[in-house]
Amino acid sequence: MGEEPKKSQKLKIENTGGAKEHWDDTFRLMSWWDAERVKKAQVMVVGAGALGNEVLKNLALMNVGSIFIVDFDTIEFANLCRSVLFRTEDIKKNKFKCEIAGERIKEINPNVKVQTVNGDIMIDVGLGVMRRMDVIIGCLDNRIARLFINRYAFKVGKVWIDGAIENLSGQLNVYKNGKSCYECALTNTDWENIRFKMGCADIAQRNSTQGRVPTTPISSSIIAAMQVQEAIKVIHGNEKQSMAGEQFKYDGMNNWIIQFQSEPVRDECDSHYEIKEDELVKAKGLSCAMTIEDCLSWLENHFEDDYISIQLNYKIILEIASMNTEVSHDIIIPEPHFSEQKQTKYQKEPGEPIGITKYADQINRDFPDLSLTLREVGVPPLHILTVETSKDIYFVELTGDESFLEFK
Amino acid sequence: MSNSEVMGIVVRVMPSGDELEVELPIYSTGKEIKEELLAAEVAPRVDPEGNPYVYDLIFKRKNVSIGDSKTLFDLQIQEGDTLYLAPRLVPG
């Protein structure tokens, strides 16, 4: 028997100076848990549907400090049975999924800071925003968005964690440049589907689903939990135990679980180029609110070059025509924003198809209206422009938009 | 072994749960096997909305997917081994 503890030891009370308990006190009992890292982490969640709801709930519960939510959709009745953050009354509010989801996770954990973007990952989120994230989580329902996240995430050196569900099944992929790649694993069938969907002008058409593929809150909660588990490893810098380079498939109906190596990465894949820190021009003098004229002047001055061309990864429509009545119109609108609704005003007959007869995939001095702002032609805040000069290609971040990133 | 040699393997189909005993030439490629299985309608080619399913053929004992150009021989798959035919899921 050891010595009896002294009275003062028995009654030892820690003076906390009045500080409250920590939200994550239970997690702090885990030897590997780094509360500060998690609190400081910035995580992007793309898609606030069935999987997104579960991912967001788990991130909030795990006390992840800042969460950036991207989704373009509104809440429908069919979403309620799989979405822990949505309520029946939300349907009437006519608010976007990302807004409601953001509000609800703050109700779960008031420590969490949130920023939302109601838009399309392909065009509405700047690469500079992704660059500032610790990890990106994909909760998507289509191949195109996955392809673009893969390219963007790798370009700014980030790991992205992809989940997918159907029925009682689910799958998880952790993509890290050099180890595994969504684009490398695409088959001809995938590419045919992507090209077909890319032919649809606006976001809604590209992503339209008829709700006939069943998903359940069971598979979404399982896969989302694993996505967040992997995200927590990335936040902790735990590469050794990460699932990067492996795939996980789960079949709840048959109780089958398979984990296997991802397809090998190919040398000649468009996704693999990563912008190195010293290749990036952080231009505090540039923002997406600037006119094209001012932006081109800044770039000409900075690179001391009269030939400047900003390369785009989408098309800007410059001319359209009503296909039956053959009436053409000059317009300037990013193709992904040319919704069916916007097309109707150019139809001379009800339902008449509208064709694109002229477009631009770069911005230079020949652009038809230099007085438009970069934002008006589809460049999002904090984007990293790919700038071609007469000598080379450069990456220029609109660092003047830095205040855009503001978690609340 | 000659090109004409065949071996019996087991294919488990996700998510139907069907377990099939299949005789295959040892030099069958992943692509050929998947095509044979889909031609036999063991799994659907499209989802309920008409979008195409892409399948992985997974050799669980070695935790690898049999790539389209790899053969059973390449992966040293043996008589009685089990492969999983699993769709790559898209919805989220």
Side-chain angles (χ1 to χ4, degrees), chain A residues 46-52 54-55 138-143 145-146 162-173 185-190 192-193 196-197 208-215 219-220 223-224 227 246-247 249-264, chain B residues 9-20 29-39 42-72 74-77 81-92:
Chain A
V46 188
L51 263 181
E54 290 288 334
V55 162
C139 305
L140 306 150
D141 61 0
N142 67 87
R143 293 169 168 92
R146 286 186 171 91
D162 183 32
I165 52 170
E166 186 175 327
N167 207 315
L168 290 181
S169 302
Q171 71 187 30
L172 173 81
N173 288 276
L186 289 175
T187 63
N188 290 338
T189 308
D190 290 311
E192 279 167 24
N193 184 262
F196 173 74
K197 296 262 179 176
S208 66
T209 56
Q210 298 146 38
R212 287 189 193 144
V213 180
T215 57
S219 49
S220 67
I223 296 302
Q227 286 180 284
E246 288 178 291
Q247 295 185 52
K249 282 187 193 277
Y250 160 82
D251 176 350
M253 188 59 84
N254 300 297
N255 307 312
W256 290 343
I257 291 170
I258 313 175
Q259 195 173 331
F260 59 103
Q261 291 164 26
S262 299
E263 308 238 341
Chain B
I9 56 168
V10 175
V11 176
R12 287 181 168 181
V13 184
M14 288 172 120
S16 70
D18 291 341
E19 192 165 302
L20 315 166
T29 64
K31 189 175 183 178
E32 288 166 350
I33 299 167
K34 282 189 278 189
E35 195 44 56
E36 287 278 324
L37 291 168
L38 294 178
V42 306
R45 287 182 186 273
V46 293
D47 72 15
E49 294 192 350
N51 295 307
Y53 274 125
V54 171
Y55 285 90
D56 284 312
L57 194 60
I58 303 151
F59 181 27
K60 193 178 176 184
R61 186 163 60 82
K62 289 200 173 172
N63 293 336
V64 291
S65 168
I66 304 173
D68 279 357
S69 58
K70 294 280 183 192
T71 67
L72 300 177
D74 293 335
L75 291 162
Q76 298 176 308
I77 291 168
D81 271 334
T82 300
L83 306 180
Y84 287 79
L85 182 71
R88 290 184 190 175
L89 305 180
V90 175

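Below, chain A is the first sequence line, B the second, and so on; all start at residue 1.
At least one donor-acceptor pair closer than 3.5 Å links the side chain of A:Asn254 to the backbone N or O of B:Pro15. A donor-acceptor contact shorter than 3.5 Å links the side chain of A:Arg146 to the backbone of B:Val90. Side-chain N or O atoms of B:Lys60 include one that pairs as donor or acceptor with a backbone N or O of A:Ile257 at under 3.5 Å. Looking at B:Lys62, its side chain never comes within 3.5 Å of a backbone N or O of A:Phe260 through a donor-acceptor pair. Counting only distance, with no hydrogens or angles, the side chain of A:Glu166 and the backbone of B:Leu89 share no donor-acceptor pair below 3.5 Å. Between the side chain of A:Gln261 and the backbone N or O of B:Val64 there is no donor-acceptor pair closer than 3.5 Å.
For the residue pair B:Val13 and A:Trp256, the shortest heavy atom distance occurs at O-CZ3, 3.4 Å.
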Assess the residue pair B:Met14 and A:Ile258 against the criterion (side chain to side chain contact (heavy atoms under 4.5 Å, CB included)); give the C-alpha distance rounded to whole Å, side-chain angles, the decisive distance to 0.1 Å, and a yes or no.
CA-CA 11 Å; B:Met14 288 172 120; A:Ile258 313 175; 4.0 Å; yes

Test side chain to side chain contact (heavy atoms under 4.5 Å, CB included) applied to B:Ile58 and A:Gln247, step by step
CA-CA 11 Å; B:Ile58 303 151; A:Gln247 295 185 52; over 6 Å; no

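With chain B as partner, the option from A:Met253, A:Glu192, A:Glu263 having the largest number of non-hydrogen pairs under 4.5 angstrom is A:Glu263. For the set B:Ser65, B:Pro52, B:Ser16, the count of heavy-atom pairs under 4.5 angstrom toward chain A peaks at B:Pro52. No other option in A:Asp162, A:Thr189, A:Ile165 has as many heavy-atom pairs under 4.5 Å with chain B as A:Ile165.
Using a 4.5 Å cut-off between heavy atoms, A:Ala224 makes no contact with chain B at all.
In this structure, B:Arg88 and A:Lys249 have side chains that are in contact, with non-hydrogen atoms separated by less than 4.5 Å.
Taking CG of B:Asp68 as the reference point, atom OG1 of A:Thr187 lies at 7.5 Å (rounded to 0.5 Å). A distance of 9.5 Å separates CG in A:Asp251 from OH in B:Tyr84, rounded to the nearest 0.5 Å. Taking CG of B:Asn51 as the start and CG of A:Asp141 as the end, the distance is 10.0 Å to the nearest 0.5 Å.
Within 6.0 Å of the CD atom in B:Glu36, the count of heavy atoms belonging to other residues, nucleotides or ligands does not exceed 12.
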